[in-house]
Amino acid sequence: MNYPEAVAYLESLVDFERLGFRRHFAETVNLDTIWRLLELLGNPQQGLDCVHIAGTKGKGSTAAILESVLREAGLVTGLFTSPHLVSFRERIRIAGEMAAEEEIAWAVGEVQGPIEAMRAEGKLNPSTFFEAYTAMAYLLFRRRGVQVAVMETGLGGRLDATNTCEPVACAITTLGLDHTEILGHSIEEIAREKAGIMKAGVPVVCAPQAEAAEAVLREVAREAGAPLRVAPKVLARREAGRLAIPEGDEGEVPRPGQEVTVELAEGEVAVELPLVGEHQAVNLATALGVVEVLRERGWEISNEAVREGARKLRWPGRLEVVGVRPWVVLDVAHNEPSAKALAGALPGMLEYERLVAVVGLMGEKDAGAFCGTLAPLVEVVVLTQARNPRALPVGELERACEGMWKRVVVTQSVPEAFEAAKAEAGVRDCVLVTGGLYVVGEVMEEMGA
């Protein structure tokens, strides 16, 4: 099997990321299919040390920070995240590098036979794209001698395919109301689904939460026999300051960041983090809480590894500056909490005269809440829709945020929207692309990323 054939096979599987995952299915789904698939593959997840991370926002950033620190500590790392921005290969990283096309093709070849055998047997739900990719991650991590794999949940936690991993530590990042049609309509219901990753005897690091969410996490932790601790305290953070508008187009695109000081058991540690915003400081602290757990379990992770791992982090699409004159900023914010984080961070990150925003959302999102959060900052909005079956049609998006914006331009595709935004912006303005990974990913494709 070659890589194009592997991609074609993966795309033939049911993909709830693209098609949507509705409550009627969520009520009947279970982990029987992924457990059977892993059994047919020889249980590659067994004996693989993992850190399992769930949450509403920040779980990808927390996973990426932790992986970078562990890699700097000399460990062979695996990182499993979703969705991808541009390439399937982004979902599985080993030693900081995307899995090679040949590796993806090999892994698909390994899972295809068992998946088709199960389909022919007809006793279980058909394997999904995400289940296949989770199994592929385990196979590749074992094949490449990964010493610790950082696994980000896809959706929820209790019934997520990644809940087959064998964690040495878990983390719950900031919780909020998202995917309510699947996970529940209250913060308590959502917290219970996320807490489903907790295992007996496995420490859990929890980002600061709303009182109701934390109460549920503590209850589930007691029931599961999982020691729970709150993430270390962020003592101070200092943004690098607003980057001035460049006078010319030459030179390297800057990487804004912040210095964050976190209180660890062994003393304070200050790191340079190339991600901005208070929310990223919280994600850093959550990742370092996991580092503390691993240290207590005998893992050697120095403060120097913490500092260098954070400093060297590369995590695209998170308030990422990819262009100057005008500024072009990509951010995968896709719900009200992440929109608030974006709105709180961007004005202090860059100097600009006007903000021109490209916005597209998935159909299940609260478009009014998302747009209402950003609208006060935006001079011109370009509304659009990603080429994804779940994308909110641009006409519906326009109606959902009617009257919120100063000026609205409507386009039918992300590339068209990006071109329209650049045409609207002067050299001293800022073009922001946001609304989720699919919108940002299409712009990255346009830019040749």
Side-chain angles (χ1 to χ4, degrees), residues 1 5-48 50 52-54 78 80-84 88 91-92 99 103-143 149 151-167 170 179 181-184 189-190 192-200 220 224 364 389-390:
M1 180 176 289
E5 290 169 341
V7 170
Y9 181 73
L10 289 170
E11 290 179 337
S12 75
L13 301 176
V14 175
D15 184 357
F16 289 110
E17 286 177 15
R18 293 189 60 80
L19 299 178
F21 189 84
R22 292 295 179 258
R23 188 86 188 169
H24 72 273
F25 186 85
E27 289 170 349
T28 61
V29 76
N30 54 53
L31 296 180
D32 292 351
T33 300
I34 180 65
W35 280 122
R36 178 58 177 156
L37 174 58
L38 294 173
E39 181 183 26
L40 292 173
L41 292 168
N43 287 310
Q45 81 284 2
Q46 291 182 353
L48 177 65
C50 293
H52 200 190
I53 299 177
F80 181 73
T81 59
S82 61
H84 57 273
F88 284 131
R91 295 169 178 254
I92 300 174
E103 291 179 308
I104 297 297
W106 173 82
V108 172
E110 292 294 301
V111 301
Q112 183 180 21
I115 286 174
E116 293 307 315
M118 291 163 59
R119 192 199 304 269
E121 198 173 54
K123 294 181 179 179
L124 299 170
N125 291 329
S127 295
T128 66
F129 170 91
F130 190 77
E131 288 171 331
Y133 230 94
T134 302
M136 289 163 55
Y138 293 140
L139 288 169
L140 285 171
F141 291 160
R142 298 307 294 263
R143 190 186 198 207
M151 305 286 294
E152 177 198 9
T153 59
L155 177 65
R158 181 176 64 93
L159 296 176
D160 191 77
T162 61
N163 208 18
T164 53
C165 74
E166 298 186 349
C170 294
H179 296 293
E181 76 284 0
I182 304 162
L183 302 178
E189 288 178 300
I190 288 172
R192 196 167 295 279
E193 288 294 325
K194 307 286 186 180
I197 70 170
M198 296 180 183
K199 308 285 191 299
V220 176
E364 70 274 10
R390 285 172 46 220

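Atom set for the values below is all heavy atoms of this structure, side chains included, hydrogens, waters and symmetry mates excluded.
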How far does [atom1] of [X] sit from [atom2] of [Y], to the nearest 0.5 angstrom?
X: Glu39; Y: Gln45; atom1: CD; atom2: CD; answer: 10.0 Å
X: Leu124; Y: Trp35; atom1: CG; atom2: CH2; answer: 14.0 Å
X: Thr162; Y: Leu31; atom1: OG1; atom2: CG; answer: 9.0 Å
X: Leu139; Y: Tyr133; atom1: CG; atom2: OH; answer: 12.5 Å
X: Thr81; Y: Ile53; atom1: OG1; atom2: CD1; answer: 10.5 Å
X: Arg36; Y: Ile115; atom1: CZ; atom2: CD1; answer: 13.0 Å

Name all residues meeting the side-chain contact (heavy atoms from CB on, under 4.5 Å) criterion together with Pro114; count only those two or more places apart in sequence or in a different chain, and write none if there are none.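 So Pro114 forms a side-chain contact (heavy atoms from CB on, under 4.5 Å) with Leu37, Leu40, Leu41.
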side-chain contact (heavy atoms from CB on, under 4.5 Å) with Glu116: which residues, sequence neighbours excluded?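 Partners of Glu116 by the side-chain contact (heavy atoms from CB on, under 4.5 Å) criterion, ordered by chain and then number, come out as Tyr9, Gln112, Arg119.
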Measure across [X] and [Y] and return the closest heavy-atom pair with its distance rounded to 0.1 Å.
X: Cys165; Y: Cys50; result: CB-SG, 3.9 Å
X: Ile104; Y: Leu140; result: CD1-CD1, 4.4 Å
X: Leu13; Y: Ala132; result: CD1-CB, 3.7 Å
X: Glu131; Y: Ile34; result: O-CD1, 3.5 Å
X: Thr153; Y: Ser82; result: O-OG, 4.4 Å
X: Ser127; Y: Met118; result: OG-CE, 3.9 Å

Is it the case that the side chains of Thr164 and Tyr138 hold a donor-acceptor pair, with the cut-off being a distance below 3.5 Å and no angle test?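 Distance-only check passes for Tyr138 and Thr164.
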Can you tell me if Lys199 uses its side chain to pair, donor with acceptor, with the backbone of Ile197 under 3.5 Å?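 Looks like yes, one N/O pair under 3.5 Å.
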Check whether any side-chain N or O of Arg142 sits under 3.5 Å from a backbone N or O of Gln46 as a donor-acceptor pair, and report yes or no.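 A pair under 3.5 Å: yes.
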Between Pro83 and Arg91, is any pair of side-chain heavy atoms under 4.5 Å apart?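 When only atoms from C-beta onward are counted, Arg91 and Pro83 do touch, with a gap below 4.5 Å.
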With a 4.5 Å limit on heavy-atom distance, are the side chains of Glu103 and Ile92 in contact?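 The answer is no, as the side chains (C-beta and beyond) never meet within the 4.5 Å cut-off.
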Please list, chain by chain and in numerical order, all residues satisfying ring-ring contact (aromatic ring centres under 6.0 Å, His included) with Phe141, sequence neighbours excluded.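 ring-ring contact (aromatic ring centres under 6.0 Å, His included) check on Phe141 returns nothing, list empty.
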Quick one, Leu38 with Asn43, criterion side-chain contact (heavy atoms from CB on, under 4.5 Å). Give me CA distance, side-chain angles, the key distance, then yes/no. CA-CA 5 Å; Leu38 294 173; Asn43 287 310; 3.9 Å; yes
